[in-house]
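Report on the following structure.
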Amino acid sequence: MTRQLHLNLFMHTRGHHEAAWRHPLASPLGLTDIRHYQDVAARAEAALFDSIFFADQLALAEDVAQAPRAWLEPVTVLAALATSTSRIGLIATASTTYTEPFNLARQFASIDHISNGRAAWNIVTSWLATAARNYGGTEQVSHADRYARGEEFMAVVKGLWDSWAEDAVVDDRLEGVYARADRIRPVNHRGDFYRVAGPLNLPRCPQGRPVLVQAGSSDTGRRFAARHAEAVFTAHMAKETAQAFYADLKRSAAAEGRRPEHVLILPGLSPTIGSTEAEARRLARETNDLTDPEVGRKRLSNRFGGYDFRDLPLDRPLVPEDFPNPDTVQAARSRTEVILNVVRRDKPTLRQLLGYLAGARGHYVMAGTAEQVADLIEDWFRGGAADGFNIMPPILPAQLDAFAAGVVPILQRRGLFRTEYTGATLREHYGLPRPSSRFDARSRAREAQLSTT
Ligand SMILES: Cc1cc2nc3c(=O)[nH]c(=O)nc-3n(C[C@H](O)[C@H](O)[C@H](O)COP(=O)(O)O)c2cc1C
């Protein structure tokens, strides 16, 4: 069979475009109405998407008066979707900086049980400066410290997920044996940031471990992804940078002793689709006209760790000196690089840059026919830039429907995308191996040794 691509739906409020929430084609449902999430997930599942993803931030954005910056907590949403859907994978963001490994391991293991093996965790270290103030601190934890803590966090959660052997639960009511105590072991972790005894108070989950997703693209972020991630979200405004990222991450994964095909790379793509290119462009323009440049200016400031862009005129071409040095930015370093590359390459005015970022915050944006979108997907997929895409419809659910009705059948005709779900778990959709339990391997080796002595 030819290699097939993977599609994740990135669900974001009423669509990824900054002004989507006001657009007449957007969902009429409220952003705290679970039916909105369930409706979008059902449409993505009907279109055979591999997975649906919910991002998260741990502080309210300052521009909530002019933009919808509120949504339901994502792990809670996954629990609701686990029962309203049956096949699609379920991915939520959770932070290694502002949660305890024991809590997180339990939550995602529970989602994996509830969904029968469809859970995934998008590992973030939380770049938003204001989040620190909601967790007992005033200062943002530095980029380097966040990743150091994240590394130790991973060792602990993996240990917790592996603390029960597959066959630990007996549930023998007649004999009165619920579990084999010798098949459950503590973690006894004592590190720089965490002390966790374990074991987890929940049996091993259906996928062994939830699927691990990551989206940091800085050098440290990439090394982290190469070690831990099984799927990687990434933002690119050009195919060339996506190809370079793809080659680099696959190489790094191999250097970590992993098989490169077990690290799926999914760049973001936000397509506005029309029956003609002119219609798609008209719809994109109409959505752009609803944006407020001052909302974009505040958002840009957040991206650069609170840097003050208030005096920057809207209509003169930008130069890199208008921005702080990305090496000094403690927020999302990779996205600041993406933005600076556009400034160097296209010399946009601030108004033009904000217009571009309004589409999908630095991910690839295009307006065209379903055929043109499918062509781009195939070109990146065959051209070593992607294993699939993180689809970010500008308006939900209208542009998800346009993608499902227009692009998906073309990809299927070209043999690039499934025509039915063949697997039950997210690992099966993504073609990922089930992690072997270190517990079992070690104990089998020990038992073998005992039997020969
Ligand atoms: C598609 C995508 C989704 C992301 N979702 C989140 C998120 O939900 N919460 C968050 O704090 N960061 C999110 N990020 C940011 C990254 O996880 C990462 O924290 C950020 O890029 C900073 O890390 P870096 O400096 O290594 O790039 C996302 C990035 C991408 C590309």
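Indexing begins at 1, ligand by ligand and atom by atom, following the structure's order.
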Next item on the list: Could you list which atoms of ligand 1 come closer than 4.0 Å to a heavy atom of N390?
Entry: 1 (C)

Next item on the list: Measure up the H363 and F10 rings against each other and bin them: parallel (under 30°), tilted (30 to 60°), perpendicular (over 60°).
Entry: perpendicular

Notebook entry, point to check: Should you measure from each heavy atom of T93, which atoms of ligand 1 turn up under 4.0 Å away?
Noted result: 7 (C), 8 (O), 9 (N)

Item checked: Selected option - heavy-atom contact closest to atom 16 (C) of ligand 1, from G268, A360, A215 -> A215

Next item on the list: May I ask you to decide whether R299 forms a salt bridge with E18, counting only side-chain N to carboxylate O separations under 4.0 Å?
Entry: yes

Notebook entry, point to check: Which residue from F53, Y147, F54, Y98 reaches closest to atom 3 (C) of ligand 1 through any of its heavy atoms?
Noted result: F53

Next item on the list: Under 4.0 Å from a heavy atom of N122: give me the atoms of ligand 1 that qualify, with their elements.
Entry: 5 (N)

Margin query: Any carboxylate oxygen within less than 4.0 angstrom of a Lys/Arg side-chain nitrogen, looking at E286 and R282?
Written below: yes

Checklist line | Residue S126 vicinity, atoms of ligand 1 by number, heavy atom under 4.0 Å | finding: 11 (O)

Note to self: Show the atoms of ligand 1 that are less than 4.0 angstrom away from any heavy atom in Q57.
What the structure shows: 11 (O)

Item checked: D192/R149 salt bridge by N-O under 4.0 Å criterion -> no

Note to self: Please classify the H143 to ligand 1 contact at 4.0 Å (heavy-atom distances, strictly less than): side chain, backbone, both or neither.
What the structure shows: side chain

Next item on the list: Validate the cation-pi geometry between R303 and F309: distance from NZ or CZ to the six-membered ring centre under 6.0 Å, angle to the ring axis within 45°.
Entry: no

Item checked: Any N or O of D56 closer than 3.5 Å to N or O of ligand 1 -> yes

Checklist line | Contacts of A61 that satisfy side-chain contact (heavy atoms from CB on, under 4.5 Å) - sequence neighbours left out | finding: D63, R69

Notebook entry, point to check: Is any NZ, NE, NH1 or NH2 atom of the basic residue among R227 and E256 found under 4.0 Å from an Asp or Glu carboxylate oxygen of the other?
Noted result: yes

Margin query: For ligand 1, which is the ligand I care about here, please tell me if H363 has any N or O atom under 3.5 Å from one of the ligand's N or O atoms.
Written below: no

